[in-house]
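Inspection log for the structure reproduced underneath, given as structure tokens.
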Amino acid sequence: MKLIGSLTSPYVRKVRVVLAEKKLECPFVTEDVWSAQTTIGQDNPLGKVPCLRLEGGEALYDSSVIVEYLDTLSPVGRLIPPPGRERAQVKTWEALADGVLDAAILARLEATWAGRSEAQRSPAWIERQLGKVAAGMAELEHGLQHGPWLHGSHLGLADIAAGCTLAWLEFRFPELNWREQHPRLGQLLERLMQRPSFANTRPVA
Ligand code: GSF
């Protein structure tokens, strides 16, 4: 098994955190998917990371599929409940956290992607995406009103996905200053950063 990714991608970080929490060993190979020389298309036709290449050569993507698979590999620290309503709830938290990232990344690319000229950039599109970020963050904060974890009484995939999103927003969108409006999310990230799985996977520019 081999994980292909980058040191800044929050989706890749989610997979690396899950590997660490599950105490699974997996070589990590970095790949710059934005470089003209990238070979990521050989494993993932969508040209995206993370991508997990299995022993037989076949590839798994995207991050939600990879983490679901990894959770089955070891009974250590189950992160996703068994099939049923609770599992759907946890995966909805993951979809929300990933969706906030998707929107924030679209906004960032709209503002910065070198393939687009200044005249081609759309402030209205950026605003639309940032509206999704704000709404998603409010829902995540709301999800912590009854306790320290988004689902149940211990760390799970919902918290890991949210933590990767929060840390990435701080890394790439410091001007959002989300901690001011979302104190519970701030506490969640502080708690997560105490864990080696998060402390050892900080984004590196
Ligand atoms: C998103 C992966 C993604 O956008 C997942 O794995 O959960 N839904 C997917 N990865 C980015 C890197 S990053 O922004 O984290 C990527 O590989 N982008 C390259 C491209 O061409 O869009």
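Read the numbers this way: they start at 1 and go in the same order the structure lists the ligands and their atoms. Excluded from the calculations below are hydrogen atoms, water molecules and symmetry mates; all remaining heavy atoms, backbone and side chain alike, are included.
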Worksheet item: So which heavy atom in the protein is nearest atom 7 (O) of ligand 1, and how far is it from that ligand atom?
Response: Ser63 OG, 2.6 Å
Worksheet item: For Arg121, does the CZ atom sit with more than 12 other heavy atoms under 6.0 Å from it, leaving out its own atoms?
Response: yes
Worksheet item: Which protein non-hydrogen atom lies closest to atom 20 (C) of ligand 1, naming both residue and atom, and how far is it?
Response: Trp34 CH2, 3.8 Å
Practice prompt. Specify the protein heavy atom at minimum distance from atom 15 (O) of ligand 1: its residue, its atom name, and the distance to 0.1 Å.
Written response: Ser9 OG, 2.6 Å
Worksheet item: Quick one: nearest non-hydrogen protein atom to atom 22 (O) of ligand 1, plus distance?
Response: Lys48 CE, 3.6 Å
Fill in: Pairing of Glu170 and Arg179 as salt bridge, 4.0 angstrom limit
yes
Item to complete: Find all atoms of ligand 1 within a distance of less than 4.0 Å from any non-hydrogen atom belonging to Ile105, and give their numbers and elements.
Response: 14 (O)
Fill in: Row check, Trp113 ring normal vs Arg108 NZ/CZ: under 6.0 Å, within 45°
no
Item to complete: Report the nearest protein non-hydrogen atom to atom 10 (N) of ligand 1: residue, atom name, distance rounded to 0.1 Å.
Response: Val49 O, 2.8 Å
Worksheet entry | Short N-O contact, Lys22 and Asp71, less than 4.0 angstrom | yes
Worksheet entry | Salt-bridge present (Arg87, Glu68; N to O < 4.0 Å) | yes
Worksheet item: CD of Glu58: more than 12 outside heavy atoms within 6.0 angstrom?
Response: yes
Response to the item:
Under 4.0 Å from one or more heavy atoms of Asp62, ligand 1 contributes atoms 5 (C), 6 (O), 7 (O), 8 (N), 9 (C)
Discussion item. Under a 4.0 Å threshold between the charged nitrogen and the carboxylate oxygen, would Lys132 count as salt-bridged to Asp102?
Written reply: no
Worksheet entry | ligand 1 atoms in contact with Val33 (distance to a heavy atom under 4.0 Å) | 17 (O), 19 (C)
Worksheet item: Is there a heavy atom of Trp168 sitting under 4.0 angstrom from any atom of ligand 1?
Response: no
Practice prompt. Could you tell me whether some N/O pair between Ser64 and ligand 1 is separated by less than 3.5 angstrom?
Written response: no
